[in-house]
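Structure, as structure tokens:
Just so we're on the same page: letters track the sequence lines, and every chain starts at 1. Predicted, not measured: the structure shown is a model, and the values here were computed from it.
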Amino acid sequence: MPERAVAAQEPRHRDADSEGEAPRDRREEAARRALGARRDQKGYRLRQSDPHVHAAPVPADQGPSHGGGDRQRRGRDGRQPRALHQGVPALGPGPRRVMSDDANEIVQQRRETLEALRARGIDPFGGRYPVTHWARRLAERLGAASEDELKGFGPVSLAGRIVSKRHMGKACFAHIQDQTGRIQLYARADALGDDYACFTDLDVGDFIGVTGEMMRTRTGELTVAVKSFTFLAKALRPLPEKWHGLRDVERRYRQRYVDLIVNADARAVFLLRSRIIARLRAFLEARGFIEVETPMMQPIPGGAIARPFVTHHNALGMDLYLRIAPELYLKRLLVGGFDRVYEINRSFRNEGIDTQHNPEFTMLEFYQAYADYADLMDLTEEMFTDLAQSLLGRLALTWGEHAIDLTPPWRRLAFFDGVSAALGMTVTPETPAAPLAAAARARGIDLGAVRGALGDVPPWKLWKEVFEALVEPTLVLPTFVIDFPIELSPLAKKKREHPQLVDRFELFVGTRELANAYSELNDPIDQLGRFREQAALLARGDEEAHWLDEDYVRALEYGMPPAAGEGIGIDRLTMLLANQQSIREVILFPHLRPEGRADAPEAP
RNA sequence: GAGCCGUUAGCUCAGAUGGAAGAGCACCUGACUUUUAAUCAGGGGGUCCUGGGUUCGAGUCCCAGACGGCUCACCA
């Protein structure tokens, strides 16, 4: 199998050379001159001194004998050439920060190399390359192999990005990196012939395909002895430093592609995230759940309490909201007869941005008919331990300064027990507001924030405030907070034995809420009543109230099986398993303000 | 939205008290056929985030702004 694949993919530049007959020599001659130009740059630059060469804009990809040399000379005589450069109309006054290093010396040199390759008939941006092996698989398979095994292994073809290069005269070492990792290449002048010069002219950052035999160097490193190679993509910009990588946090987020190239730990985080999601799907599918997709643009943003993003549909002439939760649609599917459904996708909340919040975030929501919230506590313990065990191989995690053991069973703390302990008094739904407020104030809670425009503070706002301020910060080990007051849960089922509480839990790990679940309210009359209470709050100007969704009530009127539903924040779950403190470290492209100067006009 | 901190070469970072912008890596030239952050010799490279101000003189001091980070506030 490897033999055939290799035979089929001789290096492209060879093909190109042998296709041309008469022009071949001329092309090679041109290429030699062009490649030589780079080496002779210094002399060339010294010869060129005529200032008028700056007057005309030079195409960005101009060959080495035109644009490159004189542009490089620019910095030498101070600011004047830069002013001329700014005067070039094509570049304009737009936001230049993103592209400002076009004039950089290294970029210019690489453009020249690129043109030299083209002049030689080589396509620097290649095409398909039949890959037979990946770097890490080779290391896994041959890491401990004997010399004889390596010799008998046969040819391998890999493709990837050159991430380091050590030129040693008539031999040259490099590492290429593919999706799985890195492997060393060893190129020899006697093995590559004319192509050797091409190999040593490769820049760190270039993509190549390479074919060769496996070997081990004197220092024991598994290495591909290069027999042939082909250009797949030329890199015009230099990579960050090999030793420190890219440290600037802003650039790591804005240019995640560079972060992923040079920072292996960043790559590992997103690989883990991908595996978490795949494992969750497998976990749910194995239990009979089916994956569905429900609207992200909704006429009524429901299922949670949050400020939505508004967008507009032109043809319909109507505003739509980016969903704040998929909940109400997933429960419509329970009505429709899908007993176990789940969705893994984005929700959007138009609220603050910090280390725990991104405007768009990924949630797993799942619903199981004929189950209740206690079933989901068991399921959640299973799910989390399955993830940790299968992906990390352990249940004992480190998260920042915290040691977190996921071994079940997890603590279960009733909401009012938590509030009572925090305030040093017995608190129930019947406790009057006045002594509650006094006790909260005595513990340093600022009640001004909850009073708002509503005048007197309803007791449940006090409970919530006390819980968030005094209880949540203590919930480091996995804890199910259970039995919430009904006022905080307009979509949850009442407890039979205590109708002022609902069958609900929130899972806290490392003081952060990771999951929220309840036995779903399936009584349409009760649901309509609670929606109306919420609507009244909305009408009084309380933004923290739920919208009334009449079609959802109508759906319940057809009958929804008793069910339990749960939402799990995938970003936060990933943070926990990857030991990351900022949500931006687990989102590939977190939201940032646009880069560039505010006073620069927008590009047309 | 508030407070604190940061922004200097492609990258990572130094630049007391205001007085001619530096290092390492990367890059270029040369040497080097099993190197490992290869080594050795030589060389080039700067809008010190932007705009004002103070000063004989500003990377440094003052004011305003941009972007980012961290703490708050809001939330998941």
Side-chain angles (χ1 to χ4, degrees), chain A residues 38-43 45 72-76 78-79 82-83 85-86 95-97 100-101 103-110 112 164-175 184-192 196 203-205 215-221 223 225 236-254 258 262 304-307 324-325 347 349-359 361-363 446 449 468 506 508 512-516 543-544 567-573 581-584 592-600:
Chain A
R38 191 171 78 172
R39 298 212 174 83
D40 297 342
Q41 223 160 50
K42 189 171 142 199
R45 273 179 290 184
Q72 277 170 8
R73 199 160 31 75
R74 181 165 53 222
R76 196 168 285 182
R79 284 160 198 268
R82 178 160 285 119
H85 180 74
Q86 283 176 333
R96 290 184 298 112
R97 257 175 68 178
S100 64
D101 48 352
N104 176 268
E105 175 187 38
I106 296 172
V107 174
Q108 287 306 320
Q109 284 159 0
R110 293 200 176 191
E112 289 160 20
S164 69
K165 206 181 82 177
R166 294 172 294 284
H167 186 189
M168 304 187 50
K170 293 191 174 58
C172 184
F173 291 90
H175 278 90
Q184 182 167 260
L185 306 179
Y186 174 53
R188 293 170 61 106
D190 50 11
L192 282 174
Y196 181 72
D203 289 309
V204 170
M215 59 171 274
R216 197 181 301 283
T217 61
R218 258 176 222 155
T219 50
E221 181 164 347
T223 299
L236 295 179
R237 293 175 185 261
L239 293 180
E241 193 205 338
K242 60 189 170 190
W243 193 239
H244 295 97
L246 186 61
R247 288 281 177 80
D248 184 282
V249 177
E250 179 179 354
R251 284 200 53 203
R252 288 187 45 237
Y253 299 159
R254 283 194 199 283
V258 181
V262 298
I305 292 163
R307 288 162 62 194
I324 55 177
S347 289
R349 297 190 185 175
N350 201 344
E351 283 159 358
I353 298 176
D354 59 32
T355 53
Q356 305 295 317
H357 300 87
N358 195 59
F361 63 104
T362 301
M363 259 204 306
D446 176 19
E468 286 174 0
E506 285 188 355
F508 283 83
R512 304 172 310 143
E513 183 192 338
L514 285 193
N516 181 18
E543 288 193 341
E544 293 183 16
I568 297 178
I570 298 298
D571 311 287
R572 290 185 174 181
L573 175 59
Q581 303 299 303
S582 169
I583 199 169
R584 295 188 191 94
L592 297 174
R593 285 187 165 87
E595 102 186 275
R597 290 155 48 177
D599 58 343

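Between the P atoms of B:G19 and B:A2, the separation comes to 35 Å (whole Å). Rounded to a whole angstrom, the distance from the C1' atom of B:A26 to that of B:A37 is 12 Å. The gap from the C1' atom of B:C74 to that of B:G18 amounts to 44 Å, rounded to the nearest Å. Spacing between B:G59 and B:A16 at atom C1', rounded to whole Å, works out to 14 Å. For the P atom pair drawn from B:C25 and B:C40, the interatomic distance equals 9 Å after rounding to whole Å.
In this structure, A:Tyr253 has no ring pair (Phe, Tyr, Trp, His ring centres under 6.0 Å) partners at least two apart in sequence or on a different chain. Looking at residues two or more places apart in sequence or on another chain, you find a salt bridge (charged side-chain N to carboxylate O under 4.0 Å, His left out) between A:Arg252 and A:Asp259, A:Glu585. Residues satisfying the ring pair (Phe, Tyr, Trp, His ring centres under 6.0 Å) test with A:Phe361, not counting sequence neighbours, are none. A search for salt bridge (charged side-chain N to carboxylate O under 4.0 Å, His left out) contacts involving A:Arg188 returns A:Asp190, not counting sequence neighbours.
Which of B:C74, B:U35, B:G45 sits closest to the side chain of A:Glu351 comes down to B:C74.
For the OP1/OP2 pair of B:C11 and a distance below 4.0 Å, the side-chain nitrogens and oxygens of A:Arg252 include no atom meeting the criterion. Taking side-chain N and O atoms only, A:Arg254 has no distance below 4.0 Å to OP1 or OP2 of B:C67. Applying the 4.0 Å criterion to OP1 and OP2 of B:G68, one finds that A:Arg593 has a side-chain N or O inside that range.
Within 4.0 Å of A:Asp571, counting heavy atoms only, lies no atom of the nucleic acid at all. Within the 4.0 angstrom heavy-atom criterion, base atoms lie near A:Asp354. Nucleic acid contact for A:Asn358: base, since at least one base atom lies under 4.0 Å from a heavy atom of the residue. Residue contacts shown for A:Gly245 are limited to sugar-phosphate atoms, with no base heavy atom under 4.0 Å away. Using a 4.0 Å heavy-atom cutoff across all strands shown, A:Met363 reaches no nucleic acid atom at all.
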Protein-nucleic acid N or O pairs under 3.5 Å, nucleotides 38-41 of chain B:
{"residue": "B:A38", "atom": "OP1", "partner": "A:Lys242", "partner atom": "NZ", "Å": "2.6"}
{"residue": "B:A38", "atom": "OP2", "partner": "A:Arg166", "partner atom": "NH1", "Å": "3.2"}
{"residue": "B:A38", "atom": "N6", "partner": "A:His167", "partner atom": "O", "Å": "3.2"}

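Annotated stems with RNA chain B as a participant read B:1-7 with B:66-72, B:10-13 with B:22-25, B:27-31 with B:39-43, B:49-53 with B:61-65, given as range with range, by first number; only runs of 3 or more Watson-Crick or G-U pairs under 3.5 Å qualify.
Each of A:Tyr253 and A:Pro240 was matched to the nucleotide of RNA chain B holding its nearest heavy atom; the match closer to the 5' end belongs to A:Pro240.
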